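Below is one structure, written out as structure tokens; the observations come after it.
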Amino acid sequence: MSEASVVPEGPSLLSPQPAAPQPAAPQSLLAQMEQMLAALNADLVRLDADLQAPPPHAGPS
């Protein structure tokens, strides 16, 4: 192989990146969990309403 095809030393795209900072306070994690649960509950209420609704009437084929 030629010298030009050698990968240079130093930081590469495959090197591990520093981890994102984690939330310092448990309250922020609790708040995130509460938001996720509220969104999930809203989705479940919507799904339940869809399932309880009568099926749309299809005309004769």
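The residues of the chain are indexed from 1 along the displayed sequence. Values in this document were obtained by computation on a predicted structure and should not be read as measured data.
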| message | Let's go through Asp48 and Leu44 carefully: what are the C-alpha distance in whole Å and the side-chain angles of both, what is the deciding distance for side chain to side chain contact (heavy atoms under 4.5 Å, CB included) to 0.1 Å, and is it a yes or a no? | response | CA-CA 6 Å; Asp48 185 52; Leu44 290 174; over 6 Å; no
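Every residue two or more places apart in sequence or in another chain that forms a side chain to side chain donor-acceptor pair (under 3.5 Å) with Asp43 is listed here: Arg46.
Within the structure, the salt bridge (Lys or Arg N to Asp or Glu O under 4.0 Å) test picks out no pair touching residues 28-38 (sequence neighbours left out).
Other residues sharing the hydrophobic cluster of Leu51, ordered by chain and number and joined by side-chain separations under 4.5 Å: Leu47.
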